[in-house]
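Notes to accompany the following structure.
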Protein chains: 2
Amino acid sequence: MKDFNLLSRRQQNMLRFMHNYMLERGFPPSIREIGEECDIGSTSVVNYNLNKLVDAGYIVRSGKVSRGLRIVAAIPGVAQAPRVIGLPAPNQVALVGRIAAGEPISLPEDIGHHIDEDDYIAVPPQLLGGYDEGEVFALTVRGDSMVDSMIQDGDIVILRRQNTADNGEMVAAWLPDDNETTLKHFYREADNIRLQPANMAYQPLYVHPANCEIKGKVLSVMRSFR
Amino acid sequence: MKDFNLLSRRQQNMLRFMHNYMLERGFPPSIREIGEECDIGSTSVVNYNLNKLVDAGYIVRSGKVSRGLRIVAAIPGVAQAPRVIGLPAPNQVALVGRIAAGEPISLPEDIGHHIDEDDYIAVPPQLLGGYDEGEVFALTVRGDSMVDSMIQDGDIVILRRQNTADNGEMVAAWLPDDNETTLKHFYREADNIRLQPANMAYQPLYVHPANCEIKGKVLSVMRSFR
DNA sequence: TTGACATATAAACAAATGTTCGTGTATACT
DNA sequence: AGTATACACGAACATTTGTTTATATGTCAA
């Protein structure tokens, strides 16, 4: 167990400053910047105490390189877990388009990677089904055509990019002949494919394999009222 | 709208390298390090293309300082959204119990605040409807009794604790006479209350106000398959 | 006091690093 | 052809920056 109080006041200040600096600027401070902020006249003193912080396990230094610092332990009262600033946040999923009954799904590759930076949404990890966020995307549902699948207008569906599916999985499929996009449970049968609505009160849809392009597997749904 | 393909191959490589470098080392690369990795002979060329990336909005540079780089936009295929410092972390909401047709809802006060710390789930901010996570709780849906409300077995509903409701809001209500819990849209009418299922194919339920205890307002629903 | 040790200071040094400038090479357009 | 533009190259330059050395100060214990 690391004891923050074993550090001198000066070292604690240095740690705090380094953390705040990285939060603000996105990269670590230089030795001289630390010195100025912490009222340390000599760079060698900063260097000395930085090595102390290394010994204490709070930071790691990359020798010879400028700003070669990184915080690797939590700073009590200041920061929680260490993290790399300036990098993308976890669990942000690309919101690549919308899904409606009468039009095909717009996937990133279809639209040539025209993804705006704002078009990302936070998704809790339990909705990613263990998949990497890079292979996952999200669509906004438009229209009430998917009530049979328990999905309504405004819902956001989280999908994993894939062109095949196992029985029972819920898939996003484009039916060229019918000119229709649908979200249903996938079952391969003798001669055709059965697309089963989640709501048992509705009838399944039987389509020929040639008339069923699977665009992705539905991992989860988020619905927000109002 | 940012277009990743508008960047030259070289610029895309630079972005990717910068991202990976920061992931590995915890601080940004120097101009010369970028040049070596991306087979660019001259530092001025790196500098030139870095400024292009600034113009394109992918990075921000801090002039004159070494390694003064930071990535501020998503890199398609590599990284997702940029982290915005100061944004609230994914909110943790108390998962206080389950909701099923034939039994009342167990609210925290009913069970004496015996909430285990494990019984919290991450909920993205957009599903909290602007409410504080303290007044919000979550329930696991058991059974298929709420298909009429487009909610199925296994869904997690996010609610705000409140005993009244405005027309149109979706509420969790306990009906003492019927010994039933239900999730429906709330409409106060002349003599009674109309509880309207989200799926219009189902019939509304009319109850006397004395037979309708509102437990909370439904803010959102999370559904995870498999 | 003496000595050992941790910490601090200032100065000098060497290397790393961002910047700038002159020039060259395509490509597209007039 | 001529011109403009985008991109690239190499070299020189000025800072920034990490490192090292010699010296000083403080504390604590023998």
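Note that this is a predicted model, so its numbers are computed, not measured. We name chains A, B, ... by the order of the sequence lines, and we start the count at 1 in each one. Side chains are part of it too, since the values below use all heavy atoms of this structure and drop only hydrogens, waters and symmetry mates.
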Do any side-chain nitrogens or oxygens of N47(A) fall under 4.0 Å of OP1 or OP2 in dT19(D)? yes

Polar side-chain contact T43(B)-dT19(C) base: donor and acceptor under 3.5 Å: yes

In whole angstroms, how far is the P atom of dT17(C) from the CD1 atom of I34(B)? 11 Å

Salt bridge or not for K184(A) and D148(A), using N-O below 4.0 Å? yes

Report yes if a side-chain nitrogen or oxygen of S66(A) is closer than 4.0 Å to either non-bridging phosphate oxygen (OP1 or OP2) of dT17(C); otherwise report no. yes

To the nearest 0.5 Å, what is the distance between CD1 (I34(A)) and CG (N49(A))? 10.0 Å

Taking 4.0 Å as the cut-off, does a side-chain nitrogen or oxygen of R67(B) come that near to OP1 or OP2 on dT17(C)? yes

Write down the distance between CZ (R32(B)) and C1' (dT15(D)), rounded to a whole number of angstrom. 12 Å

Does a side-chain N or O of N49(B) approach OP1 or OP2 of dA8(D) to a distance below 4.0 Å, or not? yes

In whole angstroms, how far is the C1' atom of dC7(D) from the CG atom of N13(B)? 16 Å

Please check the phosphate of dT7(C) (OP1 and OP2 only) for any side-chain N or O of K52(A) closer than 4.0 Å. yes

Any side-chain N or O of R61(A) below 4.0 angstrom from OP1/OP2 of dT19(D)? yes

Provide, to the nearest angstrom, the distance between the CZ atom belonging to R9(A) and the C1' atom belonging to dG26(D). 19 Å

Under 4.5 Å between any side-chain heavy atoms of F27(B) and R67(A), yes or no? no

Between atom CD in E36(B) and atom C1' in dA16(C), what is the gap in whole Å? 12 Å

Pairwise 5' ranking along DNA chain C for Y48(A) and S62(B), keeping only the more 5' one: Y48(A)

To the nearest angstrom, how far is I31(B) atom CD1 from dG18(C) atom C1'? 5 Å

Provide, to the nearest angstrom, the distance between the CD1 atom belonging to I40(A) and the C1' atom belonging to dT9(C). 12 Å

In terms of relative ring orientation, are Y187(A) and H185(A) parallel, tilted or perpendicular, with 30° and 60° separating the classes? tilted

How many angstroms lie between atom CD1 of I156(B) and atom CD1 of I151(B), to the nearest 0.5 angstrom? 12.0 Å

Check the distance between dA6(D)'s P and N51(B)'s CG and give it to me in whole angstrom. 14 Å

Has the side chain of S42(A) got a donor or acceptor atom sitting under 3.5 Å from an opposite partner on the base of dA10(C)? yes

N/O (side chain, R10(B)) to phosphate O (OP1/OP2, dC9(D)) under 4.0 Å: yes

Please tell me which of S44(A) and V45(B) maps to the more 5' nucleotide of DNA chain D, matching each residue to the nucleotide holding its nearest heavy atom. V45(B)

